[in-house]
Structures are given as C-alpha cells and as structure tokens.
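First the proteins, then the strands, lettered A, B, ... as listed; each starts at 1.
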Protein chains: 2
Amino acid sequence: MSKAGGDDYIVQPVMKALQVLDYVARQGHDVSLTETVHELKLPKTTVFRYLQTLSAAQFIEHDLKRDRYGVGRRFRDLARVDQGLQGLRDIAQPEMQRLVDTFHETVNLAVLSQSEVVYIDMLEPVVRAVKAQARIGRRHPAHSTSLGKAMMAFLPEADALVMRERALPQITIKTLTDADKLRRQVDDVRRRGYAIEVGENEDGVMCIGVPILDGTGYPVAAMSLSAPERRMKPELTIVAADALKVAAKRISTHLGAAAA
Amino acid sequence: MSKAGGDDYIVQPVMKALQVLDYVARQGHDVSLTETVHELKLPKTTVFRYLQTLSAAQFIEHDLKRDRYGVGRRFRDLARVDQGLQGLRDIAQPEMQRLVDTFHETVNLAVLSQSEVVYIDMLEPVVRAVKAQARIGRRHPAHSTSLGKAMMAFLPEADALVMRERALPQITIKTLTDADKLRRQVDDVRRRGYAIEVGENEDGVMCIGVPILDGTGYPVAAMSLSAPERRMKPELTIVAADALKVAAKRISTHLGAAAA
DNA sequence: CGCGTCCGTCCCACATCATGGAACGATAGT
DNA sequence: ACTATCGTTCCATGATGTGGGACGGACGCG
C-alpha cells in the first residue's frame, strides 16, 4: 500500500477504526459485526477487534444480548461537552467584546478543571495592551484567581473539595494560602455574586470575576475583567462588577435556551 | 505490557488515539502538540502521528497558522447525526406504539440512504404476528416501498436524483419499474401527504407511508403501517392514513422543538 | 427432529508497521 | 544574539497488528 503523497504519519489502525466508528454512528440502529464488515470491506477479524476496542473505550456500546453495536456513552458525552463549550464561547464573545469596549481592559473566559482554571477565551482592548498575563489554554490555581473563586462559590457541596486541596500554592506575596480565609471569602462571593482578587495571582494586577451558571445553577464557566491595580478605583470596581454580572446573566440565559 | 484480563482484542493505537481525541475535545480551546503530550504522557512522536491521523480523518482540525488542534468537522457531523437519529427514535416511539395499538398492524420507521430505505425501528402488534418482512437495519429499494415514496415526494430537486437511478429493480410482479409512472405517483403523494403501496415490495402485503419532515420541510424519515392486503379495506386505509399523518405531524413538531 | 447456513469468536504464523529516542531547524521570548 | 521550546523528520527495532482459516453455537428451513 504505497499511497504516494505527503500524507505520511498516518496510522492505519486509527484511520480504519474511525471508519468503523463513523459507520456505526451513521446508522440509526445498532449494527452487527457482519453487517459492518460487509459495508466497509475490511477483514472480519480486523473489524471485530476495532469494535471490541471502541467498546472498551465506551465510544460504542456492545449490546451483549443481541450482539449489536451502537453509539456509546463516551462519544455522546464528548459531543455534549464539545457542543457546550463551543456554544459557550460563541455566546460569550459578544458580551465580552462589549465589556472590553466599555472598560478598555482585558476580559477572560475560563472553566474549572480539577483545582485549576483554564482560560478558554480572552479579549484585549486595542489600546492599553497591558501585556497578557494569561494565554488561552493556560492554567492558574483556582484559589488565586477571581475566576476560580467565582466558580467555587457556586459549586455544590460535592464538588467543593476543590478547596480541600492539600496545599494552596503561594503565587504572589498576597495569595491566600489559608483554607479558612479562602472559605470565608468564597462565602462573601456567593452573597455578592462576584469575586475580587487583588495582586493574589500577579503583582499589580487585580481581577473581578463572575460565574456563568447553567439552568441548574452549576457554574459551567466564569468571566473576569483584569486590570492594573491602580487603574481600578473602588467605585469603578463596583460599576465593572455590576456590568460583569449583567453580562454573565445574559450568557446564562442564552445558554439555557441553546441547551433546550 | 501484560495486562492480564479478558480484555484481549484491544488494538492499542486505536485506544490511545481515542485518548487524544478525548483530550482535545474536552478542552474548550485549541491545543498544541506539546500540551497534549504533557497531559497524556505519551511519546511526542506518537501523539504527533495520532494528531495527524485524526486530522486527516477530519475528526479534529489542524489550525495551520497557530499549529493548534481543535474538534473537527467530521466529529461534529457525526454527533449531530447521531443526536438527530436518537432523538427521532425516542420521539417517534410513543406515536408508533399508539398506531400499533389502534390498528393492530406493524409500524415501521425508516430513513433514506442513497436510493434505499433503511429500517431504524419497528413495532409489531402482540397478536396477529404477520411475520416481519423487514428487520431493523434491513434495506429495501425506495421505489418499491411506501416509505421511500413518501420521502421522495418531499425531497428537494437536488436530492431527487434518487429517482434517476439507472434501473428500478423489479421486486414483485407489481413493482413499478417505469420512472415516469413513479414520478406521477410521487406527485400524487406530495398532494395527498401519504403514500400507498400494494404488493409492490412483497406479495399480499400493502403499506401506507407518511414522511416525517424537519423544520425546513426536509424528509428526515418516514413511518409506515404495513398489513396484509385483504385486511385493509379502502375506508380503513383512509382512516389509517389520516392517523399516520397526524402522528407524523406530531413527531415533526417535537423534533423541531428538540433541535432548537 | 436433524439438516445446513450464517455469524461471532478464537488461533497462529508472518512481516508489516507502529514505535519512540534522538537529532534537526524554526520560532519566539529575553 | 542567545537560549529555550516546539514541531518535524529520521531510522533501526521488534512488538504487535494482521487476516486467513477453523471452531462451535444459534437459528431457520425443510
């Protein structure tokens, strides 16, 4: 099989297994081994193994009783997660842009992963580039960011173990490392609806964070505005926090509508 | 790597590539090769190849400019198709059950694939088992079934080439093999809203088929009631056809709501 | 009731093909 | 300009995926 072309680096088992997955998912019904073999024109043993492997990975499900294969839990989960995240970014962007235009500061969008926040989007003002302390895909500890605090505040008890981390790393001199203090702050955040962090993640930079809740009240993401400390006077902070809350609320609403 | 256990028949490249896919899809942002490597703890070269392969298969997309990988077109297509089909079955079932209870005949659900109809669900009455001439997953030519005619009638011009098939296979003595006659029948179906087929697919068996349309009017599926010819007198046929149309309409409505 | 067919599973010898360490070139950050 | 990092390429190695074939159980037909 010498397929001349730049398409080197192709791993055939993977490629063929994806064909199998594709076939299974495109049928509206559970399929049998022989049926799949007949359609894809691959050796029976090979397809059998792929089916087994895909089943083990939960990308497809093996109905033992009828010996048929259908789309699996993991595949559907993945699709749902992806759809959710994609929807989130699309819906959040115009709101983020508006905030950037209003305050001329950087606006971040992040989700929680383990005990860290992961930035999934970020918009910066054209002027006043304060240099991005965060990049898309970068991770920061939850406890040292307003993003993290905002989400933690609305986590159900079960998931709140984020705060029970063994050690709270000291990022800057101001980072909270005491679990009790953090817990009290988070309680405040829950009441106020927004979180503030001043120089706890990076010297001279402060952030205001608000959670983005889904229909059930679960914090699927958070949005923050980050600016140099001296530029954010107390009253401006209040104004920004309110604007963030309004924007987050709007995103939540759109999110709920899209999920229906 | 001797993982003792019944989990033989596992193809590692496939398994590992699925891990990569899983990782990429679960991040809300496009990821880099190194990032993925660091997370999955697999050799860089290996992950690189999987990323290439998955990209070639369009399951993930390679943003050449930024050298980042994100979820691909094919994956999203698959997810959408699967979601649609699953939703269809779930929504259609109660309606189908009601029809079975009312008429005590077999009710089928099918989609169009090329120029054939594929049965994706089927409900039979408890008594009067007339023997199933069709099975879930089985295919029949579109032109010899009421299912096929019902869908063809609402196909947009572009897709209607189904009828331009080189030859219309003769299934029974009554099967229509003349394209012009078929076209005229299909025109009638479009006006009436339901299709009838008598012994054209199997001797002594007749079917009444109705299309299930999505929000744009595209026939995503069709539903039919099939019964022995002699049992279906003309007036009963009318009654059944109306019931089928009502049920299909209800399914269409629910489908539209779910897709929003 | 016994026949034949079809389908899923298992086996095994072979060589292909995935593997991953290492080196290279490009790019960006300082 | 220098260095760290990242993506890409190369290559020797043998592990592992491969697929033809056989086995046995389940239907379905006569």
Side-chain angles (χ1 to χ4, degrees), chain A residues 1-20 24 30-57 60-70 129 131-138, chain B residues 1-20 24 29-57 60-70 129-138:
Chain A
M1 275 198 214
S2 62
K3 282 189 183 169
D7 294 318
D8 249 354
Y9 304 115
I10 299 280
V11 182
Q12 268 115 344
V14 173
M15 198 58 122
K16 291 189 231 157
L18 290 175
Q19 278 182 50
V20 173
V24 172
D30 291 6
V31 299
S32 68
L33 167 60
T34 310
E35 188 183 336
T36 310
V37 166
H38 193 77
E39 185 69 22
L40 299 179
K41 320 221 165 150
L42 291 172
K44 188 162 60 161
T45 312
T46 303
V47 175
F48 175 64
R49 268 188 291 244
Y50 292 161
L51 249 11
Q52 293 289 324
T53 306
L54 288 163
S55 295
I60 65 179
E61 237 157 34
H62 189 180
D63 182 343
L64 279 313
K65 288 188 185 81
R66 303 183 306 127
D67 247 301
R68 294 289 137 103
Y69 299 86
K131 142 186 150 186
Q133 68 271 26
R135 288 278 173 80
I136 291 179
R138 184 159 294 184
Chain B
M1 275 199 211
S2 61
K3 281 189 184 171
D7 294 318
D8 249 354
Y9 303 115
I10 298 281
V11 182
Q12 270 114 344
V14 173
M15 198 57 124
K16 292 189 228 157
L18 290 176
Q19 279 183 48
V20 173
V24 172
H29 58 277
D30 291 7
V31 300
S32 68
L33 166 60
T34 309
E35 189 183 335
T36 310
V37 166
H38 192 76
E39 185 70 22
L40 299 180
K41 320 223 166 149
L42 292 172
K44 188 164 57 162
T45 313
T46 303
V47 175
F48 175 64
R49 267 187 291 244
Y50 292 161
L51 250 11
Q52 293 288 324
T53 306
L54 288 163
S55 295
I60 65 179
E61 237 157 34
H62 188 180
D63 182 343
L64 281 311
K65 290 188 185 79
R66 303 182 305 127
D67 247 300
R68 294 291 137 104
Y69 299 86
V130 209
K131 145 183 147 189
Q133 69 270 27
R135 288 276 172 82
I136 290 180
R138 184 159 294 184

Q: Kindly express the pairing pattern of DNA chain C in dot-bracket notation, using | wherever a base pairs with another strand and counting only Watson-Crick or G-U pairs under 3.5 Å.
A: |.||||||||||||||||||||||||||.|

Q: Show every donor-acceptor pair shorter than 3.5 Å between a side-chain atom in residues 33-52 of chain A and any protein atom, with sequence neighbours excluded, or say none if there are none.
A:
residue: A:Glu35; atom: OE2; partner: A:Tyr23; partner atom: OH; Å: 3.4
residue: A:Glu35; atom: OE2; partner: A:His29; partner atom: NE2; Å: 3.3
residue: A:Thr36; atom: OG1; partner: A:Ser32; partner atom: O; Å: 2.9

Q: What's B:Ile10 touching, base or sugar-phosphate or nothing? Going by heavy atoms closer than 4.0 Å.
A: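 If one applies the 4.0 Å heavy-atom cut-off, B:Ile10 turns out to touch the sugar-phosphate alone, with no base involved.
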
Q: Rounded to whole Å, please give me the gap between NE2 in A:His38 and C1' in C:dC6.
A: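 Atom-to-atom, A:His38 to C:dC6, this comes out as 14 Å.
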
Q: Testing the basics here: between A:Pro13 and B:Val11, what is the closest heavy-atom pair and its distance to 0.1 Å?
A: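 Scanning both residues, the minimum pair turns out to be CB-CG1, 4.2 Å.
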
Q: Can you name the residues that form a side-chain contact (heavy atoms from CB on, under 4.5 Å) with A:Ala57, not counting sequence neighbours?
A: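 A:Ala57: side-chain contact (heavy atoms from CB on, under 4.5 Å) contacts with A:Phe59, A:Arg74, B:Met15, B:Leu18.
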
Q: Find which nucleotide of DNA chain C each of A:Thr34 and B:Pro13 is nearest to by heavy atoms, and output the residue with the more 5' nucleotide.
A: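 Between the two, 5'-proximity favours A:Thr34.
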
Q: Which side-chain N or O atoms in residues 62-69 of chain A pair as donor and acceptor under 3.5 Å with protein atoms at least two apart or in another chain?
A:
residue: A:His62; atom: NE2; partner: A:Asp67; partner atom: OD1; Å: 3.2
residue: A:Asp63; atom: OD1; partner: A:Lys65; partner atom: N; Å: 3.1
residue: A:Asp63; atom: OD1; partner: A:Arg66; partner atom: N; Å: 3.4
residue: A:Asp63; atom: OD2; partner: A:Arg66; partner atom: NE; Å: 3.0
residue: A:Arg66; atom: NH2; partner: A:Asp30; partner atom: OD2; Å: 3.1

Q: Roughly how many Å is it from CG in A:Leu33 to C1' in D:dG19, rounded to a whole number?
A: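 After rounding, the reported distance stands at 13 Å.
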
Q: Find the distance B:Lys65:NZ to D:dG7:P and express it as a whole number of Å.
A: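 Whole-Å distance recorded here is 18 Å.
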
Q: Going by heavy atoms closer than 4.0 Å, what residues in residues 39-49 of chain B are next to DNA chain D?
A: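 B:Lys44, B:Thr45, B:Phe48, in order of number.
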
Q: I need the CD-C1' distance between B:Gln52 and D:dG7, as an integer number of Å.
A: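 So the CD-C1' distance, B:Gln52 to D:dG7, works out to 10 Å.
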
Q: OP1 or OP2 of C:dA18 versus the side-chain N and O atoms of B:Gln12: is any pair under 4.0 Å?
A: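 Checking C:dA18 against B:Gln12, no side-chain N or O comes under 4.0 Å of OP1 or OP2.
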
Q: Rounded to whole Å, how long is the line connecting atom CG of A:Asp30 with atom C1' of C:dG8?
A: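 In whole Å, C:dG8 C1' lies 16 Å from A:Asp30 CG.
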
Q: What is the distance, rounded to the nearest whole Å, between atom CG of B:Asp67 and atom P of C:dA28?
A: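 In whole Å, C:dA28 P lies 11 Å from B:Asp67 CG.
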
Q: What's the shortest heavy-atom distance between A:Ile10 and B:Ala56, and which atoms?
A: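 In terms of heavy atoms, the two residues are closest at CD1-CB, 3.4 Å.
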
Q: Provide, to the nearest angstrom, the distance between the CZ atom belonging to B:Arg68 and the C1' atom belonging to D:dG7.
A: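 Whole-Å distance recorded here is 11 Å.
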
Q: Any side-chain N or O of A:Tyr9 under 4.0 Å from OP1/OP2 of D:dT9?
A: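 Checking A:Tyr9 against D:dT9: at least one side-chain N or O falls below 4.0 Å of OP1 or OP2.
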
Q: If I take atom CG in residue A:Leu64 and atom C1' in nucleotide C:dC7, what distance separates them, rounded to the nearest angstrom?
A: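 My rounded result for the distance is 16 Å.
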
Q: Return the 5'-most residue of the pair A:Tyr50, B:Tyr69 with respect to DNA chain D, ranking by each residue's nearest nucleotide.
A: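 Whichever sits nearer the 5' end wins; that is B:Tyr69.
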
